[in-house]
Amino acid sequence: MSMDMGNQHASVTALQEIQKKVKEIEQQVVTFSGLKSDPTYKKLEKALTKQLFEIESIDTEGKGNILQAQKKATEETERVLKELEQNATHPCRLEIEKIFSETQSLVALHITQFNNGDGQKTDEFEERIQNILKRLTQVKTDGKIPLRKARYRTLTKVLAIQEVLESSTQQQVLSLPLSAEAHPTVSKINSIMCDVNKARCSLLALLAGVNDNETYRHLSCTLTGLIANLDALDVSGHTNIREYRKEVVKEINSLLKYLDLEEAELGSAYDLGQNQTIVKIEDLRKQMALIKNSLLEVHQRVSDIHMGTKSELQGIIANLDEVSVGRNPCIREARRRAVVEVQAVITYIDLKEALEKRQSLPEHTVSEPPCYIAVWAVFGHLSELQKEVLFFDGKRADKNYMRLEEFITKQLLALDAIDTQDVRTKDARKQAVKLANNILGYLDMKTDEWEY
């Protein structure tokens, strides 16, 4: 056996070496998150194509084992090439790029307005940025690393653009600049502040990818040079001017922190499943799930289970409210959904307790009008449906989803048919309609396949 390995044909050995190179290239392909127009894509494509040419140039001498090895190497290389193309042309990747192009248009408009003397950020601009962020969080990645990286990087850039614009708005409301008559250095600081505002527009253009004439490194050198110029100014004995200079330096440093954004390695930052805030939210959701299971899996009165159950759930909501989500819309949405989940369980408990209390005092229903009793009958049906929804773990295409949606809708129709002549019945029906819609909304949320 060892002699056969030692006498392995040179062509087979060459093919094995090529396959090793393809494996090395594949490590870059599986994490590639760009488009076909990116230089990295062209570099990887060129490298793989070169390996295909080398495979084809191998002399097989018509031998079956070499031909088989050549075929295997070709198939493997073509598979990696196909994966590279699929990463760059995946519909979700193209959707991310389409959304980001809207950001580019917004930034280009802002820069044009700034150059024309009107660089104020409007409510409409802020609303459009928020809409872009929301849509990015809704892009499905199916857990694919390239898509998750692309979405995370795009979110990071849009958030950075939002922050730079907000800092610009805050700077405009400062009681600065000072009058040049106060001290000779004031006019120099004012001039530097004008350069800082121009640099802010350059930074926005870089983050949005709408300026090919500027680079991160050059802008970093420009801003660092402005700080050096400020440091060289003699403002001793003038507290107000020193504070002015300090504010301008602070403004420059706030811009410098974004300049490593494009070059920085993502590491595993795109994997929000490892984010400490997400981990905390998930831990709280697990606590909620344990309480929910203890409530819904046993066949006994809700009031007999745990007196402090609702307090525990309210405590979980309080803990969720304290979770710092920063500016990341994905984390913010994760917290919102967790709160909705807990509130759904609390609502179920409240309704179940109300129904049990009503059943324990049947004499109170004797004097109630039929329409009021009919509303409470709907409450009873909704309670059972809500229990099913709380435990539902399927998809929208499932028959059970359609059944639940149909039955909840039927309860809404039943409520519409109830005549509400008295105020009490009218209020009860209003609450029942709200509950039915909330259950439908929760069912919809559970099945929208949202991900971090």
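What you see below is based on every heavy atom in this structure, not just the backbone, and it leaves out hydrogens, waters and symmetry mates.
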K.L.:
Applying side chain to side chain contact (heavy atoms under 4.5 Å, CB included) between Q287 and each of V342, I316, L313, report the one that passes.
P.N.:
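When V342, I316, L313 are each tested with Q287, the side chain to side chain contact (heavy atoms under 4.5 Å, CB included) holds only for I316.
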K.L.:
Among all residues two or more places apart in sequence or in another chain, which pass the salt bridge (charged side-chain N to carboxylate O under 4.0 Å, His left out) test with D350?
P.N.:
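By the salt bridge (charged side-chain N to carboxylate O under 4.0 Å, His left out) rule, D350 matches K310.
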K.L.:
I'd like to know whether C330 forms a side-chain contact (heavy atoms from CB on, under 4.5 Å) with L155, so could you lay out the CA-CA distance, the side-chain angles of the two residues, the decisive distance to 0.1 Å, and finally the verdict.
P.N.:
CA-CA 9 Å; C330 288; L155 273 169; 3.6 Å; yes
K.L.:
Any salt bridge linking K82 with E85? Criterion: basic side-chain nitrogen under 4.0 Å from a carboxylate oxygen.
P.N.:
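Salt bridge flag = no for E85 with K82.
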K.L.:
Would you verify whether the NZ or CZ of K446 falls within 45 degrees of the ring axis of Y401 while also being under 6.0 Å from that six-membered ring's centre?
P.N.:
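K446 over Y401 ring: no.
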K.L.:
Between K72 and E75, does any side-chain N to carboxylate O distance fall below 4.0 Å?
P.N.:
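Here K72 does not pair with E75 in a salt bridge, since their nearest N and O are not under 4.0 Å apart.
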K.L.:
Just by distance, do the side chain of R429 and the backbone of L415 share a donor-acceptor pair under 3.5 Å?
P.N.:
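Yes: the side chain of R429 pairs with the backbone of L415.
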K.L.:
Identify whether NZ of Lys or CZ of Arg in R242 sits under 6.0 Å from the centre of the six-membered ring of Y244 and within 45° of that ring's axis.
P.N.:
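So R242 doesn't make the cation-pi contact.
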K.L.:
Please report the closest heavy-atom contact between Y258 and A160, naming both atoms and the distance.
P.N.:
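Distance-wise, the nearest heavy atoms are CD2-CB, 3.7 Å.
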K.L.:
So, taking the atom named OG1 in T156 and the one named NZ in K149, what distance separates them when rounded to the nearest 0.5 Å?
P.N.:
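Rounded to the nearest 0.5 Å, the OG1-NZ separation comes out at 12.0 Å.
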K.L.:
Would you check, one step at a time, whether the test side-chain contact (heavy atoms from CB on, under 4.5 Å) holds for L226 with V248?
P.N.:
CA-CA 10 Å; L226 292 178; V248 178; over 6 Å; no
K.L.:
Sequence neighbours excluded, which residues qualify as side-chain hydrogen bond (donor to acceptor under 3.5 Å, both in side chains) partners of R424?
P.N.:
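With neighbours one apart ignored, the set is empty.
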K.L.:
side-chain contact (heavy atoms from CB on, under 4.5 Å) for I281 and L284? Distances and angles first, verdict last.
P.N.:
CA-CA 5 Å; I281 291 172; L284 291 169; 5.7 Å; no
K.L.:
Where is the tightest heavy-atom contact between I129 and Q162, given as atom of each residue plus distance?
P.N.:
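Where I129 meets Q162 most closely, the heavy atoms are CG2-NE2, 3.8 Å.
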K.L.:
Between R135 and E102, does any side-chain N to carboxylate O distance fall below 4.0 Å?
P.N.:
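Yes, this pair counts.
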